[in-house]
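All residue numbers in this chain count up from 1 along the given sequence.
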Amino acid sequence: MSTASGGGGSGGSGSSGGFGLEEIGIPGRDYLREALTSCQDPLKAIEDFQIENGVLLPSLRPMLPLLDLHGIKRLDFHNSVLEDLRDKLIAQINDLGTTEGKEKEKKLRDLLSKSFPVIQIKEVRPVVMSILKNMSYIEDRYLRFLVRDKELYADCDIEIKRHLWRDNQSLFGDEVSPLLSQYIKDKENVLFTHETGTGFFNGSPKSRRQSEVIQKLAEMIGNNVKLYDMTLQFLRTLFLRTKNVHYCTLRSELLMALHDREVQDVISVDPCHKFTWCLDACIRERNVDVKRSRELQGFLDAIRRGQEQVLGDLSMTLCDPFAINFLSQSAMKLVNHQVEKEGLPRDQPVLHLLLRMLALGLSAWEMIETQDFREPKIELPLLLQFLPALMSLIVDDQVRALNFKFPVEERDTASIIIDHSGPPPDMYDVQVSQCPIAATLAMQYTLQTTRNKDKVGTMRVLGILAQNIRGHPFEDAFLHSLVTSLIAIKDEFENEDFCTSVFDEFFFTCINVDNVNRHLIRLLWWIHPKLPAARIDTLLKVAEPTST
């Protein structure tokens, strides 16, 4: 056949110039060279070679001159026959791959040993790849050969590459690294884009994990536990190195993407699976009911001595900004509920659980860095001082809103300004600066006042956060949500007191960080028509990058 003297690549698996044909008993390049150099009549030698190695069907012989008359080259004819036979053979191999038992593996091994020598011939390479693809175990000698040849490696199906990656962490890392970088870039694009869009937190958890990166990672891992463990190790290492909480999001989304695909081999060995699944359902439904709160608490309480290391992975799950946002929002709902019912925060058990999970999530980096896997305790001042102070602020907001509904002449303006619009209680300020959980709840409360278009409420508390969000796991997500809410009340920026509160007391005090600059520029994009020229000039100078 024509392919006996052609094909791709340089060198074979066990021969030099013949692409492995001689190795499996087919005359190849070396044979033809020898025949042509030692014969008396080269044309006769070529004709003999064609007869011996052509399609051996007697009924076909009379048809070949007819093909010649139609100008169809023997090469084209032989290639078309090869393609048809190749497709039929691959289909049979794939059918064999769907069967079970030792007989299947034996047949595939025999086929591989006979066909692997010709893997360098591009036309028949798909057959060899099909055999490899359907094998549950591939010997190291084949894997080493595939890894050494870049062209062969590139042609491998993902099922074959999983075998190659399993014992080659650096090779797998090279494949995964661009995907992880793309994931971070995609998240930051949503956070910093000047378009308001639907917001960072919109969309269901299931829709978020349909992203190309997540699906590609899930496909690369397949049902290979070792590759999954490697990926998790990459994520822990990168989180430790960068403190970038999007790696925590990726850890949860990847696990749930494998859950969606029902990859039992992997999800059954991840101790965080049921906890992450339950939390994912809560985030999807935007609610923690009594049943789910018991399940979540049961997972945490079930961690026994000797199993504490699982807290590291659980803390990463809870350090995901989507988890922090959900937990702190749910906590704020319960605090608001306690205000309505005139109850005490310490009497709300679900609130205690939410604070417990927040504490675990906010301590993720430190826990993994120190390898000290102990669940952080909820300090009493948070429950007995900060939450009552927070509730008093909510009451003030309600009193001001109620007073605003009265006719102007009936409003008790003086009392409202003195009693319900002044600086927050000292305990609020102290706890926000000392306790990351208090800072998280303060961020959610600030977003609550802004979304309610409560200018006075926002101005009271925004400045307190300025020095207490730096390096917080929720920092960028909060700034993005804050800017989105401020854009919705951009008319308020016509008032100098509001500008002073937002810019001078908040943004300017933490502006010397690139990410804060980017959030500020996003805000300016939308509100600049409402600002006086002098204020715009100042803001542009402050927001100007300090380095190229």
Side-chain angles (χ1 to χ4, degrees), residues 176-218 235 238-239 242-257 260 276 279-280 282-284 286 316-329 361-362 364-365 440 443-444 446-448 450-451 465 469-490 507 510-511 513-528 543 545:
V176 166
S177 184
L179 292 174
L180 303 186
S181 299
Q182 184 60 47
Y183 182 86
I184 299 300
K185 191 181 292 184
D186 291 345
K187 288 293 182 190
E188 290 181 346
N189 283 344
V190 177
L191 280 172
F192 297 125
T193 180
H194 67 273
E195 298 173 6
T196 52
T198 55
F200 184 71
F201 290 113
N202 280 5
S204 69
K206 192 161 188 176
S207 67
R208 288 198 307 273
R209 55 182 179 262
Q210 302 311 311
S211 74
E212 184 182 352
V213 170
I214 293 289
Q215 291 302 313
K216 196 162 184 180
L217 281 171
L235 295 179
L238 288 165
F239 176 51
T242 65
K243 290 192 176 182
N244 192 320
V245 290
H246 300 313
Y247 290 115
C248 300
T249 309
L250 180 51
R251 196 248 187 266
S252 298
E253 289 184 350
L254 179 59
L255 173 57
M256 289 309 299
D260 294 341
T276 307
L279 181 63
D280 182 81
C282 293
I283 295 174
R284 184 181 68 243
R286 301 182 182 182
M316 273 191 77
T317 300
L318 292 167
C319 193
D320 163 20
F322 291 91
I324 294 175
N325 184 60
F326 169 73
L327 295 172
S328 54
Q329 269 192 344
L362 296 175
W365 186 87
T440 311
M443 288 185 232
Q444 279 296 352
T446 304
L447 292 176
Q448 176 178 298
T450 315
R451 286 174 186 142
L465 289 174
I469 61 170
R470 182 75 52 80
H472 192 287
F474 199 55
E475 178 184 3
D476 274 324
F478 164 69
L479 288 169
H480 171 88
S481 300
L482 176 67
V483 168
T484 301
S485 300
L486 290 173
I487 289 168
I489 54 171
K490 57 186 173 186
F507 275 107
C510 51
I511 198 65
V513 186
D514 179 60
N515 65 313
V516 179
N517 271 16
R518 295 174 72 180
H519 289 294
L520 176 58
I521 290 169
R522 175 172 171 249
L523 177 61
L524 291 178
W525 174 273
W526 288 97
I527 66 160
H528 67 88

What is the ring orientation for Phe474 with His472, classed by angle as parallel under 30°, tilted 30 to 60°, or perpendicular over 60°?
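Answer is perpendicular, since the angle exceeds 60°.
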So, taking the atom named [atom1] in [X] and the one named [atom2] in [Y], what distance separates them when rounded to the nearest 0.5 Å?
X      : Y      : atom1 : atom2 : answer
Cys510 : Glu475 : SG    : CD    : 7.5 Å
Arg451 : Thr446 : CZ    : OG1   : 10.5 Å
Asn244 : Lys187 : CG    : NZ    : 11.0 Å
Asp514 : His519 : CG    : NE2   : 9.5 Å
Leu254 : Tyr247 : CG    : OH    : 14.0 Å
Ile521 : Arg518 : CD1   : CZ    : 8.5 Å

What are the two closest heavy atoms between [X] and [Y], and how far apart are they?
X      : Y      : answer
Arg208 : Gly203 : NH1-O, 3.3 Å
Ile324 : Cys319 : CD1-O, 3.5 Å
Ala543 : Asn517 : O-ND2, 3.2 Å
Ala323 : Thr317 : CB-O, 3.7 Å

Residue pair [X] / [Y], side-chain heavy-atom distance below 4.5 Å:
X      : Y      : answer
His480 : Arg522 : yes
Val483 : Phe507 : yes
Asp186 : Ser211 : no
Leu250 : His246 : no
Met443 : Leu482 : no
Arg284 : Lys206 : no
Ile214 : Tyr183 : yes
Asn325 : Ile283 : no

Go through the structure and list residues passing ring-ring contact (aromatic ring centres under 6.0 Å, His included) with Phe322, not counting sequence neighbours.
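Once residues adjacent in sequence are excluded, the partners of Phe322 under the ring-ring contact (aromatic ring centres under 6.0 Å, His included) criterion are Phe200, Phe201.
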Test side chain to side chain contact (heavy atoms under 4.5 Å, CB included) on Phe239 and Cys248 and set out the steps.
CA-CA 7 Å; Phe239 176 51; Cys248 300; 3.7 Å; yes
Apply the test side chain to side chain contact (heavy atoms under 4.5 Å, CB included) to residues Leu520 and Leu479: give CA-CA distance (whole Å), side-chain angles for both, the deciding distance (0.1 Å), then the verdict.
CA-CA 9 Å; Leu520 176 58; Leu479 288 169; over 6 Å; no
Do side-chain atoms of Trp525 reach the backbone of Thr193 as a donor and acceptor pair under 3.5 angstrom?
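Looks like no, no N/O pair under 3.5 Å.
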Before giving the answer on side chain to side chain contact (heavy atoms under 4.5 Å, CB included), spell out for Leu327 and Thr440 the whole-Å C-alpha distance, their side-chain angles and the decisive distance to 0.1 Å.
CA-CA 10 Å; Leu327 295 172; Thr440 311; over 6 Å; no
Do the side chains of Arg209 and Asp280 get close enough for a salt bridge, i.e. N-O under 4.0 angstrom?
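Salt bridge between Arg209 and Asp280, a charged N being under 4.0 Å from a carboxylate O: yes.
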More than 12 heavy atoms of other residues, nucleotides or ligands under 6.0 Å from CD of Glu212: yes or no?
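Result for CD/Glu212: open.
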Atom CZ of residue position Arg470 - does it have more than 12 heavy atoms of other residues, nucleotides or ligands inside 6.0 Å?
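Yes - once you tally the heavy atoms of other residues, nucleotides and ligands closer than 6.0 Å, there are more than 12.
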